[in-house]
There are 2 protein chains.
Amino acid sequence: MNDELEQAIRTPLTANDGIDFSLIELFFFAYRDFTSDPDQILETYGFGRAHHRVVHFVNRMPGLTVAELLDVLKITKQSLARVLKQLIDMGYVVQIQGLRDRRQRELYPTSKGRELALALAAPQSRRIAGALDDLEADDRAVIEAFLKSMVDPHLRPQIDKLPGSVSGQDGNATRTN
Amino acid sequence: MNDELEQAIRTPLTANDGIDFSLIELFFFAYRDFTSDPDQILETYGFGRAHHRVVHFVNRMPGLTVAELLDVLKITKQSLARVLKQLIDMGYVVQIQGLRDRRQRELYPTSKGRELALALAAPQSRRIAGALDDLEADDRAVIEAFLKSMVDPHLRPQIDKLPGSVSGQDGNATRTN
DNA sequence: AATTTATGTCAGCTTTGTTGACATAAATTG
DNA sequence: CAATTTATGTCAACAAAGCTGACATAAATT
């Protein structure tokens with residue numbers, strides 16, 4: 001029994017099947033290469049992608065608490081603990097007890113951590129700039145709008161909280177210290 | 001010693017630092033949610049992302065060999081073996097000995113495998129369509145161009161090989177059979 | 001006949017995610 | 001103030017999906 005269910009299908013799935021395969025695959029390949037740049041740098045530090053994400057958001061939202069970071073990364077505290085501990089022990093991130101709530105640990109980058117975040121972001125930014133160069137000047141807004149629409153609506157407020165985004169340019173956080 | 005190196009930096013990294021953080025983060029969040037749809041479906045099958053990729057490309061390039069698949073996925077044959085074996089054992093993929101070269105194993109989806117590929121692609125396609133709806137009709141080309149430019153130039157030929165892509169619309173493979 | 005190639009498989013390691021359980025200190029609440 | 005809740009940390013075990021190295025087999029190539 002079940003004989004025909006084991007039959008090989010020899011025709012490819014195409015756009016004719018009502019699915020946008022071009023953009024699905026383009027998105028897959030683009031992201032694969034987008035992450036390959038920092039991955040190479042991380043190797044030289046003995047770090048992985050998990051470290052990258054932590055260093056990135058600690059630099060973009062200095063003073064965020066452990067709970068807030070977990071919420072952005074959508075991982076468990078045990079997963080975070082592993083990489084965060086290493087980053088703290090090696091002096092890339094420091095914890096400061098919260099002033100209002102002393103149970104909280106506010107996370108800040110050190111200068112070492114800031115340098116690492118910049119080094120990891122640089123090739124990604126370069127790759128994006130190169131891709132934008134191939135477009136019209138005002139197409140940047142199109143890309144931004146598209147990517148934002150791809151994000152789950154209920155998670156978009158998180159994006160707007162980050163400094164220097166489309167809305168909410170700076171707030172008070174960017175006094176050059 | 002090293003005292004100031006441990007100092008907390010309290011100012012966030014912003015666009016002023018010469019890095020395109022908006023698009024970096026947008027790309028991260030967009031891809032995270034883009035993959036969350038199929039991930040949920042895969043769970044109900046007891047499969048993971050690795051299975052998704054295999055089923056996807058076997059459906060998009062039926063008859064491709066193990067070596068070709070490894071080249072697209074950029075993983076080792078040992079990594080592939082694990083998930084491919086399961087997909088074959090459970091009747092989602094079949095292997096057929098190559099005619100010209102009988103060492104090769106050509107990979108084809110079964111009807112079960114085709115259905116799975118479609119089920120996984122459907123929500124991703126819907127998400128993309130929804131995002132495109134928020135744009136001008138002809139902005140699709142902008143997105144395609146941008147994503148393609150994000151891919152490493154030497155890997156772009158791989159994309160063009162897929163059916164129904166921007167160039168190379170169909171070839172002979174789409175006879176509806 | 002010897003070598004190379006395509007594939008499969010065994011064993012073990014790494015990274016990064018998961019769950020569950022339990023500890024501590026600080027804040028909140030009755 | 002005592003009891004509870006909250007924020008964080010930590011231990012142990014497990015899973016998915018990468019990796020390397022070693023070795024086997026059959027088929028193609030030299």
Side-chain angles (χ1 to χ4, degrees), chain A residues 28 31-32 35-36 38-58 63-90 93-108, chain B residues 28 31-32 35-36 38-58 63-90 93-108:
Chain A
F28 167 71
Y31 195 77
R32 182 189 66 182
T35 52
S36 71
D39 279 356
Q40 276 198 275
I41 299 172
L42 287 160
E43 255 184 61
T44 72
Y45 286 80
F47 287 156
R49 252 179 231 193
H51 301 84
H52 183 183
R53 293 185 195 124
V54 172
V55 169
H56 179 94
F57 286 108
V58 166
L64 90 171
T65 65
V66 169
E68 284 167 345
L69 183 52
L70 289 176
D71 205 52
V72 171
L73 299 179
K74 304 273 178 237
I75 58 174
T76 58
K77 65 174 173 177
Q78 295 91 331
S79 275
L80 174 60
R82 220 159 13 203
V83 295
L84 183 55
K85 201 173 185 311
Q86 293 176 52
L87 289 168
I88 291 169
D89 289 349
M90 300 178 70
V93 173
V94 290
Q95 283 181 319
I96 296 184
Q97 198 171 41
L99 279 179
R100 280 191 324 221
D101 186 333
R102 290 185 310 172
R103 289 172 306 180
Q104 296 183 333
R105 303 299 143 105
E106 298 175 352
L107 303 173
Y108 295 91
Chain B
F28 167 71
Y31 194 77
R32 182 189 66 182
T35 53
S36 71
D39 279 355
Q40 275 198 275
I41 300 172
L42 287 160
E43 254 184 62
T44 74
Y45 287 79
F47 287 157
R49 250 179 234 191
H51 301 86
H52 183 184
R53 293 186 195 125
V54 171
V55 170
H56 179 94
F57 286 108
V58 166
L64 90 170
T65 65
V66 170
E68 285 166 344
L69 182 52
L70 289 176
D71 206 52
V72 171
L73 298 180
K74 304 271 178 241
I75 57 174
T76 58
K77 65 174 172 177
Q78 296 92 329
S79 277
L80 175 60
R82 216 159 19 199
V83 295
L84 183 55
K85 199 171 187 309
Q86 293 176 54
L87 288 169
I88 290 169
D89 289 350
M90 301 179 70
V93 172
V94 290
Q95 283 180 319
I96 297 183
Q97 196 169 44
L99 280 179
R100 282 191 322 222
D101 187 332
R102 292 184 308 171
R103 289 172 304 180
Q104 295 181 332
R105 304 301 143 104
E106 298 174 355
L107 303 173
Y108 295 91

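Keep in mind that the numbers below use all heavy atoms, side chains included, and drop hydrogens, waters and symmetry copies. As the structure is a computational prediction, the values presented were derived from the model and not from experiment. Residue numbers start from 1 in every chain, and the chains themselves are labelled A, B, ... in the order their sequence lines are given, proteins ahead of strands.
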Handout entry: Contacting residues from residues 49-56 of chain A, given that a heavy atom lies under 4.0 angstrom of DNA chain D
Key =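 The stretch gives none, as no residue of it lies under 4.0 Å from the strand.
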Practice task
Say whether A:Y108 and A:E106, considering side chains only, have a donor N or O and an acceptor N or O under 3.5 Å apart.
Solution key: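 Result is yes, a qualifying pair exists.
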Drop me the distance from [X]'s [atom1] to [Y]'s [atom2], to the nearest 0.5 angstrom.
{"X": "B:L87", "Y": "B:K85", "atom1": "CG", "atom2": "NZ", "result": "11.5 Å"}
{"X": "B:L73", "Y": "A:F28", "atom1": "CG", "atom2": "CZ", "result": "6.5 Å"}
{"X": "B:L80", "Y": "B:I75", "atom1": "CG", "atom2": "CD1", "result": "5.0 Å"}
{"X": "A:F57", "Y": "A:E68", "atom1": "CZ", "atom2": "CD", "result": "13.0 Å"}
{"X": "B:R53", "Y": "B:L69", "atom1": "CZ", "atom2": "CG", "result": "11.5 Å"}
{"X": "B:L84", "Y": "B:Q95", "atom1": "CG", "atom2": "CD", "result": "5.5 Å"}

Exercise for the section: For the residue pair B:H51 and B:F47, categorise the inter-ring angle as parallel (less than 30°), tilted (30 to 60°) or perpendicular (more than 60°). Expected result: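 Parallel: the ring planes of B:H51 and B:F47 meet at under 30°.
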Problem - Protein-nucleotide distance (B:E43, atom CD; D:dA17, atom P), rounded to Å - result: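 These atoms are roughly 11 Å apart.
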Exercise for the section: Might you work through the side-chain contact (heavy atoms from CB on, under 4.5 Å) test for B:V94 and B:I88, ending with a clear yes or no? Expected result: CA-CA 6 Å; B:V94 290; B:I88 290 169; over 6 Å; no
Practice task
With sequence neighbours excluded, tell me which residues meet salt bridge (Lys or Arg N to Asp or Glu O under 4.0 Å) with A:R82.
Solution key: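 In terms of salt bridge (Lys or Arg N to Asp or Glu O under 4.0 Å), with neighbours along the sequence ignored, A:R82 is linked to no residue.
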Handout entry: Whichever of B:E106 and A:R105 has its nearest DNA chain C nucleotide further upstream toward 5'
Key =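 Its nucleotide being nearer the 5' end, the pick is B:E106.
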Handout entry: Residues B:R105, B:T65; criterion side-chain contact (heavy atoms from CB on, under 4.5 Å); working and verdict
Key = CA-CA 5 Å; B:R105 304 301 143 104; B:T65 65; over 6 Å; no
Handout entry: B:A50 versus B:V83, closest heavy-atom pair with distance
Key =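 In this case the closest contact between B:A50 and B:V83 is CB-CG1, 3.7 Å.
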Practice task
Please name the pair of heavy atoms, one in A:R32 and one in B:V72, separated by the smallest distance, quoted to 0.1 Å.
Solution key: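 Smallest heavy-atom distance, with atoms named: NH1-O, 3.0 Å.
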Exercise for the section: List in numerical order all residues of residues 77-88 of chain A for which some heavy atom is under 4.0 Å away from an atom belonging to DNA chain C. Expected result: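 Result for residues 77-88 of chain A: A:Q78, A:S79, A:R82, sorted by number.
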Exercise for the section: Scan residues 95-104 of chain B against DNA chain C and write down, sorted by residue number, each residue with any heavy atom closer than 4.0 Å; if none is found, say none. Expected result: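 Nucleic-acid contacts, sorted: B:Q95, B:R103, B:Q104.
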Problem - Pairing pattern in dot-bracket form [Watson-Crick, G-U; both distances under 3.5 Å; | = partner strand] for DNA chain D - result: ||||||||||||||||||||||||||||||
Practice task
Carefully, step by step, assess B:T76 and B:L70 under the rule side-chain contact (heavy atoms from CB on, under 4.5 Å).
Solution key: CA-CA 7 Å; B:T76 58; B:L70 289 176; over 6 Å; no
Exercise for the section: Report the C-alpha separation of A:Q104 and A:Q97 in whole Å, then their side-chain angles, then the decisive distance to 0.1 Å, and conclude whether the side-chain contact (heavy atoms from CB on, under 4.5 Å) test is met. Expected result: CA-CA 6 Å; A:Q104 296 183 333; A:Q97 198 171 41; over 6 Å; no
Exercise for the section: Give the first and the last nucleotide of DNA chain C, reading 5' to 3', that has any atom under 4.0 Å from a heavy atom of chain A. Expected result: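 That gives a stretch of C:dT16 to C:dA27.
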